[in-house]
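Chain naming here is simple, since letters A, B, ... match the order of the sequence lines and numbering starts at 1 in each.
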Protein chains: 2
Amino acid sequence: MKKVPQRAGAPKSKILKAALDLFSSGGYSETTMSEIARSVGLSVGALYLRFRSKEELCLELIRDQTNDSDELTDRFRKPGDDPLQALRDYMDFSLEYAFKKKQLLSIFIREFRLPFMVPLRKKFLASQHKIIKDILAAGTAKGIFRPMDHDDVALMIFASMRGAVLLKIVFGIGDVKKISDSLFQLVICGIGKDSK
Amino acid sequence: MKKVPQRAGAPKSKILKAALDLFSSGGYSETTMSEIARSVGLSVGALYLRFRSKEELCLELIRDQTNDSDELTDRFRKPGDDPLQALRDYMDFSLEYAFKKKQLLSIFIREFRLPFMVPLRKKFLASQHKIIKDILAAGTAKGIFRPMDHDDVALMIFASMRGAVLLKIVFGIGDVKKISDSLFQLVICGIGKDSK
DNA sequence: GAATTTAATGAACGATGATTCATATGAACG
DNA sequence: CGTTCATATGAATCATCGTTCATTAAATTC
């Protein structure tokens, strides 16, 4: 027996989109269920027909926004034979992705203390760190990159990229393409005179 | 006529310290006046004898924590004749300062949308950006650094350093000294084979 | 040691917000 | 139509929080 919606109820996705806008611009605690309801043209009651609670709504929102996040890791799991290009591709893609999802990241940054964020963050750091480390190791093996502490340098590259994202989200500065270029250049060459 | 406290009332500084702990670990909105009061062994009423409101308390806390922030800019206003060492010193000092004030920064990051944060942030970015840019320009003039878009590269260096701070605050990872070393190394040499 | 001044208390107030539920409404089906 | 069912509503409920203020009490003054 098919359940046919009887009054073409607003779908969850519409609510989640509205909640993302509100949470990211005003913060989780500061956004009320009434505001979310109003912004999708529903009553509060209708929200509770779809989500057990405000927290559940937020969790579903995060799940919804991160369901494509495997792209970020899967796409770069293969080693590849050109480490320089691999790093370039990774930085481009990762920054592009982060800028596209800046509303979500804005929530992640602001609510980074929420308990259910911890495992997500941990997993993210681990996967990205590994990707960068592998590229670096491959580059060193091929003689393209200098010898280095790959763990350490990978962490710094990760930090730099997060810093660039912060620049966008918090300081409101930066164009993805340009930042991507500049940061890659800096990471590869440094600022010393003797660099390539 | 001197006003002598009659029951050796807890000084503001003690309250501000407690509030810093609570705000930074739990967030501004999520921290209640009762919690602050309890954690200094006072009643809510006593808090309101010292601060007009919760927001006023928070503002005073920020003022109190940033009253030494001029160190960060004043100390590096002089050009200096060794740009490499100047950059090193700046990065060391700035990261050290940031790590020392990580509770405050945690509030800044989390509450970055609060209207009264905007000018503070703007001023901070501008001053730090100028310092880095000047060092880079001096380095290029002396032939120690390669030719580059100083505006651009200074912004990336600033971003990298903020990213390192984020690593500490959000991801809970990193030791100041080590991060300072690694990042400086990366910024100077990059990862390419032909670098120094 | 009474009077006065200063500071502390915490219950009470008013506002707000998450959540619930009794009620209403429209669609589907006979 | 009338019955049934899914859905929507929003006032009521319950809890929390910022803020106030009547009351208490220590210290100081005379």
Set of residues satisfying side-chain hydrogen bond (donor to acceptor under 3.5 Å, both in side chains) with respect to B:Arg75, sequence neighbours excluded | none

Compile the donor-acceptor pairs under 3.5 Å between side chains in residues 161-169 of chain B and protein atoms, sequence neighbours left out, one pair per line.
from, atom 1, to, atom 2, distance (Å)
B:Lys168, NZ, B:Gly174, O, 2.9

Can you list the residues that meet the salt bridge (Lys or Arg N to Asp or Glu O under 4.0 Å) rule with B:Asp151, with sequence neighbours excluded?
-> B:Lys133

Counting only heavy atoms not in B:Arg52, do more than 12 fall under 6.0 Å of its CZ?
-> no

Encode nucleotides 13-20 of chain D as B, S and - characters from 5' to 3', where the letter depends on protein heavy atoms closer than 4.0 Å: B to the base, S only to sugar-phosphate, - to neither.
-> ----SSBB

Starting at atom [atom1] of [X], determine the distance to atom [atom2] of [N], rounded to an integer number of angstrom.
| X | N | atom1 | atom2 | answer |
| --- | --- | --- | --- | --- |
| A:Phe51 | C:dT20 | CZ | P | 15 Å |
| A:Leu57 | C:dG17 | CG | C1' | 15 Å |
| A:Leu49 | D:dG10 | CG | P | 14 Å |

Pairs meeting criterion salt bridge (charged side-chain N to carboxylate O under 4.0 Å, His left out) with involvement of residues 23-48 of chain B, two or more places apart = B:Glu30-B:Arg110

Does A:Arg50 place a side-chain N or O at less than 4.0 Å from the phosphate oxygens OP1/OP2 of D:dT7?
-> no

Can you tell me the pairing partner of D:dT9 across any strand shown, Watson-Crick or G-U wobble, with both distances under 3.5 angstrom?
-> C:dA22

Kindly list each side-chain donor-acceptor pair under 3.5 angstrom involving residues 78-87 of chain B, sequence neighbours excluded, with atom names and distances?
from, atom 1, to, atom 2, distance (Å)
B:Asp82, OD1, B:Leu84, N, 3.2
B:Asp82, OD1, B:Gln85, N, 3.2
B:Gln85, NE2, B:Asp89, OD1, 2.9

